[in-house]
Amino acid sequence: MPYVDRQNRICGFLDIEENENSGKFLRRYFILDTQQGSLVWYMDNPQNLPVGTVCVGSLKLTYISKVSDATKLRPKAEFCFVINAGMRKFFLQANDQQDLVDWVNALNKATKITVPKLSDGQQNSENQKALPDVAGPKKQVSYKTEIIGGVPIVTQTQHEGGDGADRAEREAMQRSHSQLPYFLGRPAQDHNVIKSGYCVKQGAVMRNWKRRYFLLEENSMSYFKSDLEKEPLRMIPLKEVHKVQECKQSDIMMRDNLFEVVTTSRTFYIQADSPEEMHSWIKAVSGAIVAQRGPGRSAATMRQARRLSNPCIQRYTSRIGECSSTD
């Protein structure tokens with residue numbers, strides 16, 4: 001779901017068809033900034049990218065004429081909506097139906113409160129001032145500007161080093177798995193997987209932030225370099241976890257959706273992609289700890305913990321047996 005960050009901007013992950021009519025949707029982090037009058041998207045949350053990283057694409061709100069559901073236009077693309085900007089249509093995929101409704105409403109509301117379009121001469125002058133801010137002074141990154149139906153669209157065309165671009169694309173594809181039900185992502189080792197997905201974790205030594213794939217099971221919480229890895233970077237036994245809660249130092253760390261897992265030897269700081277995901281992880285880990293330590297633990301207790309952990313799983317309750325067999 002989109003959420004409001006500390007700068008009062010609406011943010012969240014969406015999939016976008018960057019190349020028109022390609023049918024290929026890529027995972028991007030969107031920021032709707034009504035103060036700047038723009039919609040920009042990045043490879044990931046800018047908090048997790050190197051300082052100075054520029055956006056992948058941007059669109060001025062004054063050029064958006066309408067945002068609407070695109071189910072009929074793209075029947076094969078689930079939770080799809082379209083942004084009409086001049087002659088160009090931007091097709092995007094939300095994470096679920098409520099996410100779609102929230103983004104459509106937010107974008108339509110934002111376009112209604114923006115300043116009316118300027119004349120052509122003023123518009124070109126304004127674009128010349130704005131484009132350097134979007135592109136930035138980085139020499140190792142190139143951009144292309146396309147005038148489509150009178151709308152200037154700025155997109156990044158080249159990254160420094162081909163390997164870096166390929167790696168970024170692979171990471172973007174891996175991040176898309178974080179929004180799927182747990183049994184559709186990384187193959188689970190057994191049916192005791194309660195919740196899984198990508199989050200960002202602070203390192204113990206360098207204090208840097210890296211995206212990791214987390215796996216919550218009956219007796220432990222593990223994290224991996226990616227959902228393709230078999231061996232975890234670390235496994236945290238739930239018996240060592242004292243508490244899991246929303247982080248009280250989130251203001252100091254300047255991180256949204258931050259929660260902490262406090263163990264005997266260390267406190268793990270973990271950032272989710274949205275407030276809903278943060279609360280889902282807190283509820284899932286807390287539920288797993290109660291199920292492990294509480295009296296009369298049973299398979300029914302574990303199933304209840306799974307249902308509480310993720311709304312996606314609730315919709316598939318009747319298929320748990322089927323999904324477990326495919327894991």
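Keep in mind that what you see is a predicted model, and the values were worked out from it rather than measured.
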Colleague: Please name the pair of heavy atoms, one in S22 and one in N19, separated by the smallest distance, quoted to 0.1 Å.
Modeller: OG-O, 2.7 Å

Colleague: Output, in order, the C-alpha distance, side-chain angles, deciding distance and verdict of side chain to side chain contact (heavy atoms under 4.5 Å, CB included) for V261 and E240.
Modeller: CA-CA 10 Å; V261 177; E240 296 182 4; over 6 Å; no

Colleague: List the steps, then state whether side chain to side chain contact (heavy atoms under 4.5 Å, CB included) holds for S68 with V82.
Modeller: CA-CA 6 Å; S68 59; V82 60; 3.6 Å; yes

Colleague: Taking atom CG of N8 as the centre, does the number of heavy atoms from other residues, nucleotides or ligands within less than 6.0 Å exceed 12?
Modeller: no

Colleague: Under 4.5 Å between any side-chain heavy atoms of E246 and I282, yes or no?
Modeller: yes

Colleague: How long is the span from the OG atom in S58 to the CG atom in D33, to the nearest 0.5 Å?
Modeller: 12.0 Å

Colleague: Quick one: are L73 and F91 in side-chain contact, heavy atoms under 4.5 Å?
Modeller: yes

Colleague: Kindly indicate whether the side chain of L228, heavy atoms from C-beta on, has any atom under 4.5 Å from the side chain of Y213.
Modeller: no

Colleague: Please name the pair of heavy atoms, one in P2 and one in D102, separated by the smallest distance, quoted to 0.1 Å.
Modeller: CG-CB, 3.6 Å

Colleague: If I take atom CG from residue D69 and atom CZ from residue R74, how far apart are they, to the nearest 0.5 angstrom?
Modeller: 13.0 Å

Colleague: Between D15 and R28, does any NZ, NE, NH1 or NH2 come within less than 4.0 Å of an OD or OE carboxylate oxygen?
Modeller: no

Colleague: Cationic tip of R212 within the cone over Y223's six-membered ring, i.e. under 6.0 Å and within 45° of the normal?
Modeller: no

Colleague: Give a yes or no on whether a salt bridge exists between E17 and K24, defined as a side-chain N under 4.0 angstrom from a carboxylate O.
Modeller: no

Colleague: Hey, are E217 and K195 close enough for a salt bridge, meaning a charged N less than 4.0 Å from a carboxylate O?
Modeller: no

Colleague: Look up atom OG1 in T53 and atom CG in D44, then write down how far apart they are to the nearest 0.5 Å.
Modeller: 10.0 Å

Colleague: Which heavy atom of Q93 sits nearest a heavy atom of F25, and at what distance?
Modeller: OE1-CG, 3.4 Å

Colleague: Test F81 against every option in L92, D99, V101 by the side chain to side chain contact (heavy atoms under 4.5 Å, CB included) rule and name the one that passes.
Modeller: L92

Colleague: Is it true that R211 and D273 have a side-chain N and a carboxylate O under 4.0 angstrom from each other?
Modeller: yes

Colleague: Could you go step by step and tell me if D227 and Y198 meet the side chain to side chain donor-acceptor pair (under 3.5 Å) rule?
Modeller: CA-CA 8 Å; D227 61 340; Y198 280 92; 2.9 Å; yes

Colleague: Would you check if N108 and V104 make a side-chain contact, meaning some heavy-atom pair closer than 4.5 Å?
Modeller: yes

Colleague: Can you check whether K283's main-chain N or O pairs, donor with acceptor, with S286's side chain at less than 3.5 Å?
Modeller: no

Colleague: About how many Å separate CZ of R88 and CD1 of I83, when rounded to the nearest 0.5 Å?
Modeller: 10.0 Å

Colleague: Please name the pair of heavy atoms, one in L61 and one in S38, separated by the smallest distance, quoted to 0.1 Å.
Modeller: CG-N, 3.6 Å

Colleague: May I ask you to test the V200-I270 pair for a side-chain heavy-atom distance under 4.5 Å?
Modeller: no

Colleague: Which pair of heavy atoms, one from I31 and one from C11, lies closest together, and at what distance?
Modeller: CG1-SG, 4.1 Å

Colleague: Kindly compute the distance separating CG (N219) from CG (L238), expressed to the nearest 0.5 Å.
Modeller: 6.5 Å

Colleague: Out of curiosity, L32 CG to Q35 CD, how far, rounded to the nearest 0.5 Å?
Modeller: 11.0 Å

Colleague: Is the side chain of T263 donor-acceptor paired with the backbone N or O of R266 at a distance under 3.5 Å, no angle test?
Modeller: yes

Colleague: Do L107 and K109 come close enough that some side-chain heavy atom pair is under 4.5 Å?
Modeller: no

Colleague: Does a donor on one side chain and an acceptor on the other come within less than 3.5 Å for N257 and E277?
Modeller: no

Colleague: Considering all heavy atoms of both residues, which atom of C199 and which atom of A272 are nearest to each other, and what is their separation?
Modeller: SG-CA, 4.3 Å

Colleague: Let me see the working for R9 and Y3 under side chain to side chain contact (heavy atoms under 4.5 Å, CB included), right down to the final yes or no.
Modeller: CA-CA 8 Å; R9 304 175 303 180; Y3 69 95; over 6 Å; no

Colleague: Are Q47 and D256 packed together at the side-chain level, in the sense that at least one heavy-atom pair is separated by less than 4.5 angstrom?
Modeller: yes

Colleague: Under a single-linkage definition using a 4.5 Å side-chain heavy-atom cutoff for Ile, Leu, Val, Met, Phe, Trp and Tyr, are F214 and L233 assigned to the same hydrophobic cluster?
Modeller: yes

Colleague: Do Q271 and Q202 have side-chain N/O donor and acceptor atoms under 3.5 Å apart?
Modeller: no

Colleague: Could you tell me if R255 and N45 have a donor-acceptor pair between their side chains, going purely by distance under 3.5 Å?
Modeller: no

Colleague: May I have the step-by-step check of side chain to side chain contact (heavy atoms under 4.5 Å, CB included) for W103 and I10, ending in yes or no?
Modeller: CA-CA 9 Å; W103 272 109; I10 297 176; 4.2 Å; yes

Colleague: Any donor-acceptor pair under 3.5 Å linking the side-chain atoms of E260 with those of Q245?
Modeller: yes

Colleague: The test is salt bridge (charged side-chain N to carboxylate O under 4.0 Å, His left out); show your working for K89 and E20 and say whether it passes.
Modeller: CA-CA 8 Å; K89 295 181 183 292; E20 194 170 8; over 6 Å; no

Colleague: Which of these, F90, F13, W41, Y42, sits in a ring pair (Phe, Tyr, Trp, His ring centres under 6.0 Å) with F30?
Modeller: W41

Colleague: Report yes if some heavy atom in the side chain of N95 is under 4.5 Å from a heavy atom in the side chain of F79; otherwise report no.
Modeller: no

Colleague: Distance only, no hydrogens: is a donor on one side chain within 3.5 Å (strictly under) of an acceptor on the other, for K66 and N84?
Modeller: no

